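Throughout, a chain's letter reflects where its sequence line sits, starting with A, and its residues are numbered from 1. Just so it is clear, the structure is predicted and the values come from calculations on it, not from any experiment.
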Amino acid sequence: MKNGLLKHEEPPNGARESQGLKENPKLRWFAVFTAAATVFLIAAGASVTSTGSGDAVPDWPLSFGRLHPPQMVGGVFYEHGHRMVAGVVAALIAIQAVWLWRVEPRAWVRRLGWIALISVILQAVLGGLRVLVVSQESLQEYAMRMAGVNHVEPVRIGIGVLHALLAQIVLSMTFIIALALSPGWLRHRPPKLALPKSALKWAAFFVVALVIQLLVGGIMRHSGAGLIIPDFPLSHGKVVPPFNALPYDENAAIPMTYSELVFKTAMNFAHRTWAYVIAIGFIANMIWLARSGRKALGSVYTYSHVLAGLVFVQFFLGATTVWTERNVWVSVFHVATGATLFGFTVVYWFWCRRLRLEASPQAAVSPRTLEAHV
Amino acid sequence: MKQSVNILGALCGLTLILTACQKSEEPPVSGGPGTQPATETGKKADALIADAGVIKGKVFFEGTLPEPQEIKLDTGCMAAHGNQKMFDESLIVNGDKTLKNCFVYIKSGLSETYATPQEAFQLDQKGCRYEPRVFGVMVGQTIEIKNSDPLLHNVRGATKINNAFNLMQPQQGQVDKRAFDKPEIMVEFKCDVHPWMKSWCGVLTHPYFAVTGEEGAFEIGNVPPGKYTIEVWHETLGRQSQEVEVAPNGSAELKFVYNQK
């Protein structure tokens, strides 16, 4: 044992070769392009929310009754533009699924291709519902009745948040597919040092922590709570916002109940507090791995640096979003960087999982266990 | 928690009926909920009341006037607006420091019920702005929303109490009708294509409201004698209220001042 790392006993016996895996550069670059296009799609979606254009095109799947609206101006540019990008990404994911199905020997990669396709279609339907639940009276009435609410707003926010969250799941699938086809993954040889169990646990924690952060961020964004705390790093001039004495204007033109204000403030504060936890976690993880195993850990070592760098940029963008009073492009970059961070965190978790599988004694005796996962 | 589960359940159901809910292309004139003829119950809004009084007054602005913000128009809106510059209309202070576009209404004190007017209110989109910016209607009263521009708009009713709606108006001259079935101060009408386009509608159960104009003045006539709470609403400055007593055949004067430091 060296600095908490177990010395790897024995390399696994030829799992990769047994599957007849060959590199497919064309498919690999296609997968990378699809993953990058998915990040762009999330950025396009963020531009819709940031510019308040989500309802600029009241119908769906057509736009003003046509495939292409008569004018691509103002909010229509953002909303219909988002739909166009989504159409392209869905087509890319469909091509990728078929391509994988035809040439990919690993069942889990083929399966993931189809799941990504189903998810992106479901994602499009959610996007459509988000629009129609406001513009279609019968649908609105039905949604309100089913949800047991007397206004459509909570339903609209709920669909918006689900739409945002599923987008991240689709994105993570495209990242995993690109990873599975990468030379680094295919040519991988177990490192000299085995990854400690705790590294995998931390990787899983980061994935869960980011899902929570994306969920809270989505609620904050879709309920218009992004600037409810106008200062940063303090909150209303204090470390913890004064929840029992928030600045409340009962004579505001657009009324808000005090409990609504408290809820929005709590979401905003949770998002920024959790951001500290995540940022410190990623940086500590990078330092820990760097001190322990250094480059012997290969991709895990590299990715821990990439994640720490991304989380730093993301934290800065979050702060800048407040300081610029939610500048549209800063907000868009914040969302896009958050999505990229999530995608790479899932990739990092995959790497940790693989290294742990390779380090386990079962893998050494049974290549099947490994085959099912790499 | 229960509500979240309900919302998720609703989403699943919505997916199934999605296709059934698609509308065919909108006709040039279309109706909406509540646009059927108004009920005849209650006192007619314009019925003269014996001994009625009047509530009048002015709304003033004090403080530093913000610089008028020019709106960046796209070429279509620029042409529709007569190639004139357009400025933000959310705070218009008249030359005599009075405020335009304040919605003034009787908030409480009325006991009668009033019949919904038969005539529709006209809301127009002209030169990429709503006309009027602020207005009032009674519950159930039809609002005819017209697109006079040679370009597309959407009209979204961003409500808090009434059902929300979002209409597409791609054709010049298109008219859609809507009505609200609950009182609400205020319903925001928005165009999400042109985000500066806003209009505000006060929905009341009675006809006692007014909107301030070029001289910041308001007058609410035909008011039954009694004690009332009068509220003034402004889209950026918020709300103020005052108590007033209207004597038989009397006239009550009010002065509202918004002080912005």
Side-chain angles (χ1 to χ4, degrees), chain A residues 48 51-66 69-71 73-79 122 125-126 128-129 131-159 162 249-256, chain B residues 2-15 17-18 20-26 32-33 74-77 151-152 154-171 185-186 188 190-195 197 200 231 233-241:
Chain A
V48 172
T51 56
S53 309
D55 291 292
V57 182
D59 54 343
W60 183 89
L62 296 176
S63 296
F64 284 92
R66 302 180 188 188
Q71 290 144 28
V73 291
V76 177
F77 173 81
Y78 294 106
E79 172 59 20
L122 182 62
V125 173
L126 272 180
L129 273 177
V131 169
L132 295 177
V133 81
V134 178
S135 61
Q136 295 286 337
E137 283 142 28
S138 51
L139 188 64
Q140 186 177 137
E141 291 282 356
Y142 179 76
M144 282 159 48
R145 205 168 47 247
M146 290 295 285
V149 292
N150 51 19
H151 197 271
V152 75
E153 192 62 6
V155 182
R156 187 192 67 80
I157 293 172
I159 298 172
L162 269 184
D249 182 6
E250 59 184 357
N251 292 317
I254 303 163
M256 186 194 297
Chain B
K2 191 182 170 190
Q3 198 177 65
S4 310
V5 173
N6 285 341
I7 289 171
L8 279 174
L11 288 178
C12 298
L14 292 179
T15 312
I17 64 162
L18 180 65
C21 290
Q22 281 293 292
K23 234 196 241 178
S24 59
E25 197 161 314
E26 290 276 341
D74 57 64
T75 48
C77 275
L151 35 85
L152 62 83
N154 79 297
V155 184
R156 179 155 65 96
T159 59
K160 291 262 186 184
I161 299 167
N162 285 281
N163 280 3
F165 63 86
N166 190 12
L167 311 166
M168 53 179 173
Q169 291 201 321
Q171 297 165 35
I185 302 292
M186 304 280 287
E188 186 181 10
K190 290 170 116 164
C191 174
D192 299 288
V193 183
H194 311 104
M197 281 181 70
W200 299 89
E231 185 163 90
W233 175 96
H234 186 272
E235 65 176 282
T236 58
L237 302 172
R239 303 158 187 247
Q240 287 189 12
S241 58

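For the pair R239(B)/P255(A), a side-chain contact is recorded, criterion being any heavy-atom separation below 4.5 Å from C-beta on.
Proximity of a side-chain donor or acceptor of D74(B) to a complementary backbone N or O of V73(A) within less than 3.5 Å is not detected. Here the side chain of Q140(A) pairs no donor or acceptor atom with the backbone of F165(B) at under 3.5 angstrom.
Contact annotation for Q71(A): both backbone and side-chain heavy atoms come within less than 4.5 Å of a heavy atom of chain B. With a 4.5 Å cut-off on non-hydrogen atoms, Q169(B) touches chain A through its backbone but not through its side chain. Contacts of E141(A) with chain B are made by side-chain atoms alone, with heavy-atom separations under 4.5 Å and no backbone atom involved.
Within 6.0 Å of the CG atom in N150(A), the count of heavy atoms belonging to other residues, nucleotides or ligands does not exceed 12.
The greatest number of non-hydrogen atom pairs below 4.5 Å with chain B, out of V57(A), D55(A), V134(A), is found for D55(A). Interface remark: of the candidates I185(B), I161(B), T159(B), T159(B) forms the most heavy-atom pairs closer than 4.5 Å to chain A. Counting heavy-atom pairs closer than 4.5 Å to chain A, the top residue among N162(B), T75(B), L237(B) is N162(B). Put simply, of G75(A), A253(A), G74(A), the one with the most heavy-atom pairs under 4.5 Å next to chain B is A253(A). Between chain A and the options E231(B), K160(B), H234(B), H194(B), the largest number of non-hydrogen pairs under 4.5 Å is found for K160(B).
N154(B) and P58(A) make their closest contact through CB-CG, 3.8 Å (heavy atoms, listed as atom of the first residue, atom of the second, distance). Nearest heavy atoms, V152(A) versus A164(B): CG1-CB, 3.9 Å. The two residues P70(A) and L152(B) come nearest to each other via the heavy atoms CG-CD2, 3.5 Å.
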Q: Applying side-chain contact (heavy atoms from CB on, under 4.5 Å), run through M144(A) and N163(B) and close with a yes or a no.
A: CA-CA 10 Å; M144(A) 282 159 48; N163(B) 280 3; 3.5 Å; yes
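For S63(A), the side chain to side chain donor-acceptor pair (under 3.5 Å) test picks out H80(A), R83(A), with sequence neighbours left out. In this view, S241(B) satisfies the side chain to side chain donor-acceptor pair (under 3.5 Å) rule with no residue, not counting sequence neighbours.
Residue T236(B) holds its OG1 atom at 10.0 Å from CD1 of I254(A), rounded to the nearest 0.5 Å.
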